Amino acid sequence: MAGTMVPAILAENLGKTYTRRKRKSGFWPGLRAYFSTESERFAAVTDLSFRVERGESVGLIGENGAGKSTTVKMLTGILVPSEGRIETLGVVPWRERRRLAQNMGVVFGQKPQILWDIPARESFRLLKVMYAIPDDVFRFTYDEAVERLELAEFIDTPVRLLSLGQRMRCDLAASLLHAPAVAFLDEPTIGLDVLVKERVREHLIEMRRRFGTTIVLTTHDLKDISATCERLLVLDRGRLLYDGSRQGFEERFAHGRTLLVDLGSEADAATRGALERDLADDDVTFTWDTPHRLRVECARSASAPKVTASVLEHLHVADLAVQGAELDAIVTRLYRTAKAPA
Ligand SMILES: Nc1ncnc2c1ncn2[C@@H]1O[C@H](COP(=O)(O)OP(=O)(O)O)[C@@H](O)[C@H]1O
Ligand SMILES: [Mg+2]
């Protein structure tokens, strides 16, 4: 299909505008809008340019509605862009979707694609024939998936009888069975429990190690990204906010440290207020995860000993831990500041 010099993905000034029914807030205006045929244009992705080389692992992140799925759909040929240029493995995806499929794996975690009425084992056999997967490749990818993702228990059960998580695992296995050059995974770990998520990450890492698979991954679980992706593309309302290494991102946006405080007893509003007033002049943010769990994010300039002393003075502390900046924390703060008025 494409020479080795062709990048995995090339996007230039890519844009996607949806036409949708006009929305109004308020009950009566909302109701009127519901019955009207008025429509408006909405730019879901704007002026997106980036290039991904073969073998890279890229985490595509951004809040709900940032345009991640729209981007993945354009890259895989499901959607036609409204503007700009796009190539996946050297071909225009929406023009040559079928040809591309030979070298591409796609997973939409929200909507597993694997055949409904037959067991996964049968689907895997069909895929082997459809994609003309060589025996040695199939032996590796099949065994790797069955073992790593622990499919043996339900591989002979019709997919429609499986849980969403089991279906997801079969779907992921199916999408990578032909060892595609590039894999697009849109929230592949959604609804999976912690241990299974770990298995999914390991499977991706192993496939990449063995076949040099290019990976584009979107997820809400940033641990997926920390484990599998070296590069980040961060989208904010359809625009590219950051493109670079994960490490570079952490260095650039990490501000300081986070204090995790578990309380022995719930703090009332007055106590919380007193603590926050005490530290009002320090560069800290308070987040109450639960009434028993407080997160204090300290900027570089904040004095950790002072913050800790204040917390101990005001609250009945059961446990306390200091964390370096985790990708999770950085991204949460970034979204918050992106939303705050300038
Ligand atoms: N088919 C569609 N028609 C109209 N608007 C859409 C359609 N699909 C997505 N959108 C809108 O485009 C924006 C981006 O959506 P999406 O790409 O699904 O974001 P993400 O995957 O980052 O959550 C959202 O505001 C969403 O409501
Ligand atoms: Mg999405």
Side-chain angles (χ1 to χ4, degrees), residues 9 11-25 30 33-50 52 57-84 86 88 93-94 97 104-113 164-165 167-168 171-172 175 182-192 197 200 204 215-225 228-229 231-243 246 249 327-328 330-339:
I9 300 168
E12 274 173 15
N13 311 107
L14 193 61
K16 180 70 192 177
T17 305
Y18 292 114
T19 305
R20 61 184 187 189
R21 185 184 280 135
K22 214 163 185 166
R23 284 192 213 161
K24 296 232 168 80
S25 53
Y34 183 81
F35 287 107
S36 94
T37 53
E38 256 186 295
S39 61
E40 62 184 355
R41 291 169 68 68
F42 174 80
V45 170
T46 312
D47 201 20
L48 202 58
S49 299
F50 62 91
V52 176
S57 55
V58 181
L60 183 60
I61 65 173
E63 283 184 289
N64 267 331
K68 304 180 295 293
S69 293
T70 302
T71 302
V72 170
K73 284 175 186 164
M74 289 193 282
L75 294 172
T76 53
I78 295 169
L79 282 179
V80 181
S82 316
E83 278 145 44
I86 188 168
T88 300
W94 55 272
R97 179 134 193 258
M104 177 173 75
V106 186
V107 168
F108 288 100
Q110 315 258 21
K111 216 175 140 197
Q113 310 282 309
L164 179 63
R167 240 158 36 221
M168 235 342 284
D171 204 46
L172 177 70
S175 74
V182 52
F184 294 94
L185 310 154
D186 192 358
E187 309 208 22
T189 59
I190 202 157
L192 300 181
K197 277 185 184 185
V200 167
L204 293 176
I215 290 175
V216 177
L217 173 70
T218 89
T219 173
H220 275 104
D221 188 333
L222 292 166
K223 288 200 186 68
D224 293 345
I225 304 273
T228 42
C229 300
R231 176 171 164 200
L232 284 183
L233 292 173
V234 185
L235 284 183
D236 179 40
R237 284 161 292 182
R239 288 174 188 277
L240 199 56
L241 194 71
Y242 176 86
D243 174 5
R246 182 164 53 81
F249 178 83
L327 188 59
D328 247 338
I330 303 171
V331 168
T332 310
R333 187 164 34 73
L334 197 67
Y335 292 166
R336 267 205 305 256
T337 44
K339 245 194 254 137

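These figures come from a predicted structure and were not determined experimentally. Counting starts at 1 for both ligands and their atoms, following the listed order.
Remark: side-chain polar atoms of K68 are not paired, donor with acceptor, to backbone N or O of L235 under 3.5 angstrom. Formation of a donor-acceptor pair under 3.5 Å by the S82 side chain with backbone atoms of T17 is found in this model. With hydrogens and angles disregarded, a donor-acceptor distance shorter than 3.5 Å links the side chain of K16 to the backbone of V80. Within the 3.5 Å criterion, the main-chain N or O of T19 finds no donor-acceptor partner in the side chain of S39.
The heavy atom nearest to atom 15 (O) of ligand 1, out of those in T19, T70, L60, is found in T70.
The single protein non-hydrogen atom nearest to atom 1 (N) of ligand 1 is Y18 CE2, 3.7 Å, given as residue, atom name and distance. Scanning the protein for heavy atoms near atom 26 (C) of ligand 1, the closest one is R20 NH1, 4.4 Å. Of the protein's non-hydrogen atoms, G65 N, 2.7 Å is the one closest to atom 23 (O) of ligand 1.
Summarising the geometry, atom CG belonging to D224 is positioned 9.5 Å from atom OG1 belonging to T218; distances are rounded to the nearest 0.5 Å. Note: L172 CG to R167 CZ = 14.5 Å, rounded to the nearest 0.5 Å.
Considering backbone and side-chain atoms together, F42 places no N or O closer than 3.5 Å to any N or O of ligand 1. Residue-to-ligand polar distances place K68 within reach of ligand 1: an N/O pair is separated by less than 3.5 Å.
Considering L241, V58, L222, L327 in turn, L327 is the only one that fulfils the side chain to side chain contact (heavy atoms under 4.5 Å, CB included) rule with L232.
Residue contact check: N64 has heavy atoms under 4.0 Å from atoms 23 (O) of ligand 1. Atoms of ligand 1 lying under 4.0 Å from any heavy atom of S69, numbered from 1 in the order shown and given with element: 17 (O), 18 (O), 20 (P), 21 (O). Residue E63 has at least one heavy-atom neighbour below 4.0 Å for each of these atoms of ligand 1: 22 (O).
By the neighbour-count criterion of 12 heavy atoms within 6.0 Å, atom CZ of R239 is sparsely surrounded, having that number or fewer from other residues, nucleotides or ligands.
Ligand 1 has at least one atom lying under 4.0 Å from a heavy atom of G67.
Checking S69 against the Mg ion (ligand 2), an N/O/S atom falls under the 2.8 Å cut-off.
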